[in-house]
Chemist: 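To start, I am sharing the structure in question, which I have written as structure tokens.
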Amino acid sequence: MSKRRLIPRVVESIRDISSRSWNACANPEPSCASTDEESFNPFLTHNYLMALELSGSVGHASGWAPRYLTIEDESGKLLACAPAYLKSHSYGEYVFDFMWAQAYVAYGGAYYPKLQVAIPFTPVTGRRLLVLSQSDSEVINFLIENLKILNESSNASSIHITFCSPLEAIWLQNHDFIMRFGEQFHFKNENFSNFDEFLAQLTARKRKLIKRERREACRQGIEIERLTGKDIQEIHLEAMYNFYIATNMKKQGRPYLTKDFFRIIFSEMADRLLLVMARRSNDYVAGAINFLGDKAVYGRYWGCKEEIPFLHYEICYYQAIEFAINNGYGRVEAGAQGEHKIARGYQPVKIYSAHMFQDLALSSAVKDYVNREAQLLESVIQNQKLALPFRI
């Protein structure tokens, strides 16, 4: 029996990759995900990545230059792919390596460009090595080795595979990548029948806290709307984009996503969106965008045009929890950072990233750093678990 011939290709626009072929690798059917993993990740879809490109949110002068890696067989069938970008900075990643870059520059090295395997501006765990079958070790190994080749041919200093799955973390560690651990806070739906049943699992003090915050948020004539699919209209697009810009201005951040990005996803992915909007009379004062997988609700963008006590908690946390419970979603991922989520029923969860450096001295220094960081993180997570609001 002859061995397969695997053919690597680097593609600079996802428009040059068949959406059907890409999606077959990104969210394969039947799902190869375990019961705890997402069976459909909206951020891995061809539609989502196309929206980033068509809107100018990546490419051009964004510092995110697409370098999608694909693996085909001799017949041209796509067997695997990876969302890779050549980067000229470290913004929009949520796994921060600014210290590594500064140290390497002080050492006399050039940290940029670097190769980033990630979903831009999206701190959501998911598969990054998109293969038709997670049991096809030949294709997996070939894909990883060709990421190394792409890194070298691009004159990049390093490869960074961020928010990868736990299984991929094992594969990458076996290929000599340095593993880095971080944390997020996720709500886990323990088959609650309604929000009150979730509250009943909390200590009396935390239960009263949440009830008070929900009451206070909806005073001053505030009404909450939850919108999906065809209920999402142009007025919601305008409001949410303005909220997104307002949040970035408040945090002195860069608004990477253009208005066209919002327009495209509202058009092409409306069935995978949940908008939570706060309205006073006919005026929207705040809102949040969530994406819907098959098993998880992903909170992504929030903003407001006036500060109302506890409204952020209501729109971003409690409404998402309630929607998840009512619609059978197993968890809510409310984005990066935020220990304040613990008091509101969100639990610490470990996240993974993998890193490889061309310079051996930098590699050694980073490995020592992340090993010490991991020990500290384990201690932090244990203490956070002690602070969870659930009744023992």
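Numbers here are sequence positions counted from 1. Just so we're clear, the structure is a prediction, and the values are computed from it rather than from any experiment.
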Chemist: Applying ring-ring contact (aromatic ring centres under 6.0 Å, His included), can you list everything that pairs with Tyr85, at least two apart in sequence or on another chain?
Modeler: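 In terms of ring-ring contact (aromatic ring centres under 6.0 Å, His included), with neighbours along the sequence ignored, Tyr85 is linked to Trp64, Tyr68.
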Chemist: In this structure, are over 12 heavy atoms from other groups packed under 6.0 Å from Phe192 atom CZ?
Modeler: yes
Chemist: Compare every heavy atom of His89 with every heavy atom of Ser62, then report the nearest pair and how far apart it is.
Modeler: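 Distance-wise, the nearest heavy atoms are O-NE2, 2.8 Å.
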Chemist: Side chains of Glu145 and His175: is there a donor and an acceptor less than 3.5 Å apart?
Modeler: yes
Chemist: Is Leu209 reachable from Ile342 through a run of hydrophobic residues whose side-chain heavy atoms are each under 4.5 Å from the next?
Modeler: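 No, separate clusters.
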Chemist: Ring centres under 6.0 Å, that's the criterion: do Phe163 and Tyr94 meet it?
Modeler: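 Not close enough - the centres of the two rings lie 6.0 Å or further apart.
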Chemist: For Phe187, run the ring pair (Phe, Tyr, Trp, His ring centres under 6.0 Å) check against Phe195, Phe198, Tyr318 and tell me which one passes.
Modeler: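 Considering Phe195, Phe198, Tyr318, a ring pair (Phe, Tyr, Trp, His ring centres under 6.0 Å) with Phe187 is found only for Phe198.
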Chemist: Please name the pair of heavy atoms, one in Pro123 and one in Gln184, separated by the smallest distance, quoted to 0.1 Å.
Modeler: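 Minimum heavy-atom separation between Pro123 and Gln184: O-NE2, 2.7 Å.
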Chemist: Check Pro83 against Leu49 and note the closest heavy-atom contact, atom names and distance.
Modeler: CB-CD1, 4.5 Å
Chemist: Taking atom CD of Gln201 as the centre, does the number of heavy atoms from other residues, nucleotides or ligands within less than 6.0 Å exceed 12?
Modeler: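 Yes.
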Chemist: Quick one: are Val95 and His160 in side-chain contact, heavy atoms under 4.5 Å?
Modeler: no
Chemist: Answer with yes or no whether the side chains of Ser39 and Asp294 bring together a donor and an acceptor at under 3.5 Å.
Modeler: yes
Chemist: What salt bridge (charged side-chain N to carboxylate O under 4.0 Å, His left out) pairs are there with at least one residue in residues 375-387, not counting sequence neighbours?
Modeler: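 Counting only pairs at least two positions apart or across chains, the salt bridge (charged side-chain N to carboxylate O under 4.0 Å, His left out) contacts touching residues 375-387 are Lys350-Glu378.
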Chemist: Just wondering, do Leu199 and Lys206 contact through their side chains at under 4.5 Å, heavy atoms?
Modeler: no
Chemist: Report yes if some heavy atom in the side chain of Leu274 is under 4.5 Å from a heavy atom in the side chain of Val276; otherwise report no.
Modeler: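 With C-beta onward as the side chain, the pair touches.
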Chemist: Are Asp136 and Arg4 side-chain neighbours, meaning at least one heavy-atom pair lies under 4.5 Å?
Modeler: yes
Chemist: When hydrophobic residues are tied together by side-chain contacts of less than 4.5 Å, even through go-betweens, does Ile315 share a cluster with Leu227?
Modeler: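 No, it is not one cluster - the side chains of Ile315 and Leu227 are not joined through contacts under 4.5 Å.
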Chemist: Any idea which heavy atoms bring Tyr346 and Leu388 closest together, and the distance?
Modeler: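 It is O-CD2, 3.8 Å.
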Chemist: Listing request: all salt bridge (charged side-chain N to carboxylate O under 4.0 Å, His left out) pairs with a residue in residues 208-228, at least two apart in sequence or in separate chains.
Modeler: Glu213-Arg344, Arg214-Glu314, Arg214-Glu322, Glu216-Arg219, Glu223-Arg279, Glu225-Arg279, Arg226-Glu322
Chemist: Can you establish whether the number of heavy atoms outside Leu360 located under 6.0 Å from its atom CG is more than 12?
Modeler: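 Not buried by this count: 12 neighbours or fewer within 6.0 Å.
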Chemist: In terms of the angle between their ring planes, are Phe310 and Tyr313 parallel, tilted or perpendicular, with boundaries placed at 30° and 60°?
Modeler: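 It falls in the tilted class, 30° to 60°.
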Chemist: Does Phe181 have its ring centroid less than 6.0 Å away from the ring centroid of Tyr352?
Modeler: yes
Chemist: Heavy atoms, side chains only, cut-off 4.5 Å: are Leu172 and Leu129 in contact?
Modeler: yes
Chemist: Checking side-chain contact (heavy atoms from CB on, under 4.5 Å) between Ile289 and each of Phe266, Phe243, Tyr298, which is the one that passes?
Modeler: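 It is Phe266; the other options fail the test.
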Chemist: Would the Tyr317 and His312 ring centres measure less than 6.0 Å apart?
Modeler: yes
Chemist: Near Lys367 NZ, under 6.0 Å, is it more than 12 heavy atoms from other residues, nucleotides or ligands?
Modeler: no
Chemist: Output every pair passing salt bridge (charged side-chain N to carboxylate O under 4.0 Å, His left out) with a member in residues 98-124, not counting sequence neighbours, ordered by first then second residue.
Modeler: Glu93-Lys114, Asp97-Lys114
Chemist: Indicate whether any N or O donor in one side chain lies under 3.5 Å from an N or O acceptor in the other, for Ser13 and Arg15.
Modeler: yes
Chemist: Any heavy-atom pair between the side chains of Ser353 and Ile161 that's under 4.5 Å?
Modeler: no
Chemist: Go through the steps for Tyr48 and Phe291 under the test ring pair (Phe, Tyr, Trp, His ring centres under 6.0 Å), then give the verdict.
Modeler: CA-CA 11 Å; Tyr48 187 83; Phe291 284 78; 5.6 Å; yes
Chemist: Which Ile, Leu, Val, Met, Phe, Trp or Tyr residues join Tyr111 in one cluster when any pair of side-chain heavy atoms under 4.5 Å counts as a link?
Modeler: Met99, Trp100, Tyr104, Tyr107, Tyr112, Ile178, Phe357, Leu362, Val366, Tyr369, Val370
Chemist: Can you check side chain to side chain contact (heavy atoms under 4.5 Å, CB included) on Ile232 and Leu237, steps first, answer last?
Modeler: CA-CA 8 Å; Ile232 300 173; Leu237 163 66; over 6 Å; no
Chemist: Under the side chain to side chain contact (heavy atoms under 4.5 Å, CB included) rule, collect the residues that match up with Ile235, sequence neighbours excluded.
Modeler: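 Per chain and number, Ile235 pairs via side chain to side chain contact (heavy atoms under 4.5 Å, CB included) with Gln233, Tyr284.
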